[in-house]
Amino acid sequence: MAGAYAGSRGNMHFYLIVGIAALGGLLFGYDTGVISGALLFIRTDFALSPFMQGLVVAIALVGAATGAAVAGGLSDRFGRRTVILVTGIIFVLGSLVAALAPDLWVLILGRLLVGVGIGVASMLTPLYLAETAPAKHRGALVSLSQLAITIGILVSYLVDTIFAQGGQWRWMLGLGAVPGLILALGMLVLPETPRWLAGHGRLEEAGQVLRRLRGTADIEAELTELRTDLRREGKLPGWGELLDPIVRRPLIVGIGLAIFQQVTGINTVIYFAPTIFQAAGFSSASTAILATSGVGVVNVLMTLVAIQLIDRAGRRALLLTGLAGMGVCLLLLALGFLIGSSSPALGWITAVSLAGYVGFFAIGLGPVFWLLIAEIFPLYFRGRAMGAAAISNWGFNLLVSVTFLNMIELFGRPGTFLVYAVLTAGAFVFTWVLVPETKGRSLEQIEADLHRQAVS
């Protein structure tokens with residue numbers, strides 16, 4: 001892909017950047033998904049009540065919200081590269097603490113540390129890639145981060161399957177340290193993003209990085225756009241300037257999509273898929289985890305489809321198509337549970353509906369949300385604005401996760417998935433009315449349009 005815009009040296013360097021940076025996404029996916037299988041055995045070893053099971057899952061989300069809250073400001077001040085490097089170290093520590101935990105509270109501490117890493121990686125990985133990619137291919141390249149997330153989730157399901165026979169949940173959690181170590185070491189040799197360097201008055205270094213990235217000396221057009229941004233902005237703002245007219249509409253879009261990505265129910269599938277499959281008739285833990293792995297395969301394959309389409313069809317088209325498909329699959333899932341567990345068809349309806357739901361998420365809300373929030377905010381405030389969107393995302397992730405089992409008790413499984421279907425319809429309307437198309441435009445062009453809209 002990089003051959004379309006860079007020489008051979010630029011190709012090699014850019015592939016290295018994409019590969020190492022995307023490990024942040026893989027860690028995000030692995031540590032998000034691995035708990036679904038590990039929890040089946042942790043709850044037995046530590047004799048956990050349903051509340052404490054929820055806490056083991058939810059504490060990582062508390063950490064993720066905390067990580068997202070601080071990552072934007074830290075990355076604006078100290079650089080994207082430095083903060084991602086530290087995140088790799090946090091992943092290593094959190095994974096090892098959780099795997100070696102002698103009691104529940106040490107396990108919770110390890111999950112909290114891992115959660116902080118997830119929150120930082122969830123926003124800085126796409127941001128790093130967006131600020132190093134050329135406009136023509138930015139959608140596909142940034143979406144590689146989402147592909148890495150889906151691969152991480154699939155790998156976690158496969159690891160869970162491998163260690164399920166012996167109930168070896170410590171290995172499930174501990175293996176997350178390996179990619180964390182690779183990420184930390186890899187970031188030692190990667191450059192800072194040219195846009196961050198330019199924003200901090202280091203234009204000569206920004207030019208050097210651009211030449212390495214593009215494999216050519218012809219970078220004047222990009223540098224000119226960066227200089228234009230600097231003249232327009234010229235300051236490092238505080239959080240209060242989130243209400244700046246230039247930021248306001250993109251912030252509504254970013255936070256709105258962050259909320260809808262969660263309240264449409266995706267992480268009830270990621271965290272509780274084995275539990276859902278068991279309720280649908282897949283009785284053993286190993287069988288339920290294996291069925292969940294099949295959903296993970298669909299997630300990866302459909303993300304590959306999204307990467308091929310996102311710079312052709314555009315962001316809006318994929319969002320709207322994905323949301324429509326998710327809504328239909330949620331209705332089918334509700335119908336399946338309405339038929340009842342006495343029907344032998346329930347297992348198949350559940351499997352097909354969950355796979356379809358995840359597949360449509362993987363071509364729409366999954367990659368497009370993280371791509372858009374890396375595109376639509378002004379350069380001078382991108383880190384903090386992305387942080388606000390990511391905080392919203394992880395906060396509602398926590399809300400949905402801790403309420404899922406309670407919703408099933410209150411509404412039953414059919415009613416719960418029907419609620420998610422209605423919220424998906426709301427997300428469709430929101431996207432139709434407010435979400436802009438950013439396909440094929442540089443980050444500076446997008447920002448210039450936002451500036452014109454704000455002052456007009």
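Being a predicted model, the structure only gives us computed values, none of them experimental.
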Enter the distance from [X]:[atom1] to [Y]:[atom2] here, rounded to the nearest 0.5 Å.
X      : Y      : atom1 : atom2 : value
Gln168 : Asp160 : CD    : CG    : 12.0 Å
Leu74  : Leu124 : CG    : CG    : 9.0 Å
Leu319 : Thr431 : CG    : OG1   : 5.0 Å
Leu333 : Thr416 : CG    : OG1   : 10.0 Å
Leu26  : Leu154 : CG    : CG    : 10.0 Å
Ile35  : Ile59  : CD1   : CD1   : 12.0 Å

Parallel, tilted or perpendicular: ring planes of Trp432 versus Phe428, cut at 30 and 60 degrees: parallel
[X] versus [Y]: any side-chain heavy-atom pair under 4.5 Å?
X      : Y      : value
Leu147 : Thr150 : yes
Phe417 : Leu335 : no
Leu27  : Leu183 : yes
Leu372 : Arg315 : yes
Ile42  : Leu173 : yes
Ile363 : Leu309 : no
Met52  : Arg43  : no
Leu190 : Tyr128 : yes

side-chain contact (heavy atoms from CB on, under 4.5 Å) assessment of Val253 paired with Ile376: CA-CA 9 Å; Val253 171; Ile376 61 176; 4.1 Å; yes
Results of side-chain hydrogen bond (donor to acceptor under 3.5 Å, both in side chains) for Thr193 - residues two or more places apart only: Glu131
Partners passing side-chain hydrogen bond (donor to acceptor under 3.5 Å, both in side chains) against Thr303 (at least two apart in sequence or in another chain): none
side-chain contact (heavy atoms from CB on, under 4.5 Å) assessment of Gln262 paired with Trp394: CA-CA 8 Å; Gln262 297 304 323; Trp394 287 110; 5.9 Å; no
Looking only at non-hydrogen atoms, find the nearest pair between [X] and [Y] and report the distance.
X      : Y      : result
Leu257 : Phe369 : CB-CD1, 3.6 Å
Gln261 : Ile266 : O-CG2, 3.2 Å
Asp76  : Trp196 : O-NE1, 2.9 Å
Lys439 : Asp311 : CD-O, 3.4 Å
Asn299 : Ala362 : OD1-CB, 3.4 Å
Val209 : Glu192 : CG1-O, 3.7 Å

By ring pair (Phe, Tyr, Trp, His ring centres under 6.0 Å) - contacts of Phe260 (at least two apart): Phe430
Polar side-chain atom of Arg81 near backbone of Leu188 as donor-acceptor pair, under 3.5 Å: yes
Sidechain-backbone polar pair: Arg111 side chain, Val57 backbone, donor-acceptor under 3.5 Å: no
Selection residues 45-65 - residue pairs positive for side chain to side chain donor-acceptor pair (under 3.5 Å), sequence neighbours left out: Asp45-Trp169
Tell me which donor-acceptor pairs under 3.5 Å the side chains of residues 91-103 have, and how far apart each pair is, sequence neighbours excluded?
unit_1, atom_1, unit_2, atom_2, d
Ser95, OG, Phe91, O, 2.9
Asp103, OD1, Trp105, N, 3.1
Asp103, OD1, Val106, N, 3.0

Among all residues two or more places apart in sequence or in another chain, which pass the side-chain contact (heavy atoms from CB on, under 4.5 Å) test with [X]?
X      : answer
Ala421 : Leu330, Leu331
Val155 : Tyr30, Ile151, Val159
Ile182 : Leu23, Val178
Val86  : Ile90

For Met187, the option from Ile89, Leu85, Thr87 that meets side chain to side chain contact (heavy atoms under 4.5 Å, CB included): Leu85
Worked check of side-chain contact (heavy atoms from CB on, under 4.5 Å) between Tyr420 and Val400: CA-CA 10 Å; Tyr420 293 147; Val400 171; 3.8 Å; yes
Test log, rule side-chain contact (heavy atoms from CB on, under 4.5 Å), inputs Phe377 and Leu251: CA-CA 8 Å; Phe377 296 120; Leu251 196 63; 4.0 Å; yes
